[in-house]
Amino acid sequence: MSLLSRLPFPREGSFSSRLRSAAVAARVGLWLGICFGVAFVTGLISHYAQLDHQPVPFPTHPAWGYRVTQGLHVVAGTAAVPLLLVKLWVVYPKLFAAPPRRLGELVRTGLERGSIAVLVAASILELGIGLMNVAQWYAWDFSFRRTHDALAFVVIGALLVHIAVKLPLIRQVLGGDVEDAAADRPSAVRPGAIGRRGLLRGTWVAAVAAVVAGSATTGTIPGLDRLAVLSPRSRRAGIPVNRTAAQAGVVATATSASYRCEIGYGDTSVRLTRADLLALPQATHVLPIACVEGWSANGTWSGVPLRTLLDHVGAPRGRDLRISSLQQHTAESVTVLPADFADDERTLLALLLDGEPLALDHGYPARLIAPDRPGSLQTKWIARIEVLG
Ligand SMILES: Nc1nc2c(c(=O)[nH]1)N[C@H]1C(S)=C(S)[C@@H](COP(=O)(O)O)O[C@H]1N2
Ligand SMILES: [Mo]
């Protein structure tokens, strides 16, 4: 008797359901792979959009570009959760397969299982912290974005190894009928209560349901705010509020009569009241807020085109800006606005939303609204704008 068979584990042969088959695993795996692929590409886009220094400037067109890519990112990640659970349930018996006896086989199997262990662990962690971030449950000290980004490469790397190893089997079972038993484990003979097609249909429904539930419980769906138990975001003028002025600790400074928006270029510095800003030429643009957490909403924003302000202090085109909030000591307190955004005529120092003065929670007295920019970088309660060298 081998050591493994003496341990109190189940044996591979004791799993008898026909549902746990390569034919099912490959079909769920295909969709899981598509979700991971979409999440990976859109994640890279999001990561790049949030870099302070972009070798190739992130585009400002189309204004809804980031809205679409980041919406897809969160949809793909959310749908992947039930797909991954079903996939793991289907292939779980393989965990208890007896190791091969020949050394060459043993090494090959060891590498294969090792890559699967990495893939499973990294996938669970990646989806887990992603969902926690969407739910605004920051139970960690590390930078979410850097960790999520680094783990994504581990997941995709291990996934590619996994697909390469399994490719012959994948082609065989995807080429045949889902009921085909040719690639089944010998013990997988007991018919399930729902059948393979039923399990697959149920899995697709679960994936769609997860996306709908995720959207509703995070307050993404207008009118369903009462379901937003995971991260209640109140709405002002139809746009969710991600962090309120009270949470940001800016109520006093944002409403103070001594508020000034400071614009600095070299030795020039002007300090403008909200009334001064309102007296400058105004423009109105319909632009979305597209939160990295997946929700997005269009707003009709009015205010001073940033370029008008820059001309006011004589700043040339082609300069990045550093934008500081009245809010202190958070990732959102200071952001860099790349030159192509600063010079885009649609980029506003917004003062009004829907023709009404900005709500305090939406960034009163003045906030940044730029096209095709991640929501987290649309700085609220702006205190200072510096033209960088
Ligand atoms: N100063 C500051 N600006 C901020 C934030 C913040 O926490 N502090 N949150 C950002 C995030 S994550 C998003 S999605 C948008 C949301 O804007 P809204 O609350 O007006 O919808 O504001 C951004 N600007
Ligand atoms: Mo956000």
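These values consider heavy atoms only, across backbone and side chains, with no hydrogens, waters or symmetry-generated copies. For ligands, and for the atoms within them, numbers begin at 1 and follow the listed sequence. By convention here, the first residue in the shown sequence is residue 1.
Ligand 1 has at least one atom lying under 4.0 Å from a heavy atom of Pro240.
Remark: minimum distance from atom 13 (C) of ligand 1 to any protein heavy atom is reached at Gly375 O, 3.3 Å. Considering only non-hydrogen protein atoms, atom 19 (O) of ligand 1 sits nearest to Lys380 NZ, 2.6 Å. From the protein, the heavy atom lying nearest to atom 5 (C) of ligand 1 is Glu332 CG, 3.7 Å.
Ring geometry, Tyr48 versus Phe58: the interplanar angle falls from 30° to 60°, so the pair is classed tilted.
Cation-pi geometry between Arg367 and Trp381 is not satisfied (NZ or CZ under 6.0 Å from the ring centre, within 45° of the ring normal).
Taking only nitrogen or oxygen atoms, main chain and side chain alike, Trp295 does not reach within less than 3.5 Å of ligand 1. For ligand 1, the polar-atom distance check against Ser325 finds a nitrogen or oxygen pair separated by under 3.5 Å.
Residue contacts with ligand 1 for Asn242 involve both N, CA, C or O and side-chain atoms from C-beta outward (heavy atoms, distance under 4.0 Å). With a 4.0 Å heavy-atom cut-off, ligand 1 is reached by the side chain of Arg367 but not by its N, CA, C or O.
Within the listing of ligand 1, atoms 22 (O), 23 (C), 24 (N) sit less than 4.0 angstrom from a heavy atom of Gln378. Numbered from 1 in the order shown, with element, the atoms of ligand 1 that lie under 4.0 Å from a heavy atom of Val241 read 19 (O). Less than 4.0 angstrom separates some heavy atom of Gln327 from each of these atoms of ligand 1: 1 (N), 2 (C), 6 (C), 7 (O), 8 (N). Atoms of ligand 1 lying under 4.0 Å from at least one heavy atom of Arg243, given by number and element, are 6 (C), 7 (O). Set against the non-hydrogen atoms of Trp381, the atoms of ligand 1 under 4.0 Å away are 1 (N), 2 (C), 8 (N). Against a heavy-atom cut-off of under 4.0 Å, Cys291 is close to the following atoms of ligand 1: 14 (S). Which parts of ligand 1 touch Ile239 is read off a 4.0 Å heavy-atom cut-off, strictly below it: atoms 21 (O).
A side-chain donor from one of Ser302 and Thr284 sits under 3.5 Å from a side-chain acceptor of the other.
The pair Arg373-Asp344 fails the salt-bridge criterion, with no side-chain N (NZ, NE, NH1 or NH2) lying under 4.0 Å from an Asp/Glu carboxylate O. Salt bridge status for Asp180 with Arg27: absent, with no side-chain N to carboxylate O gap under 4.0 Å. Glu332 and Arg243 are joined by a salt bridge, as a carboxylate oxygen and a charged side-chain nitrogen come within less than 4.0 angstrom of each other.
In this structure, Phe15 has its ring center closer than 6.0 angstrom to the ring center of Tyr92.
The side-chain heavy atoms of Thr244 and Val251, taken from C-beta on, include no pair separated by under 4.5 Å.
A distance of 7.5 Å separates CG in Asp372 from OG1 in Thr69, rounded to the nearest 0.5 Å. Note that CG of Leu199 and OG of Ser17 are 8.5 Å apart. Values are rounded to the nearest 0.5 Å.
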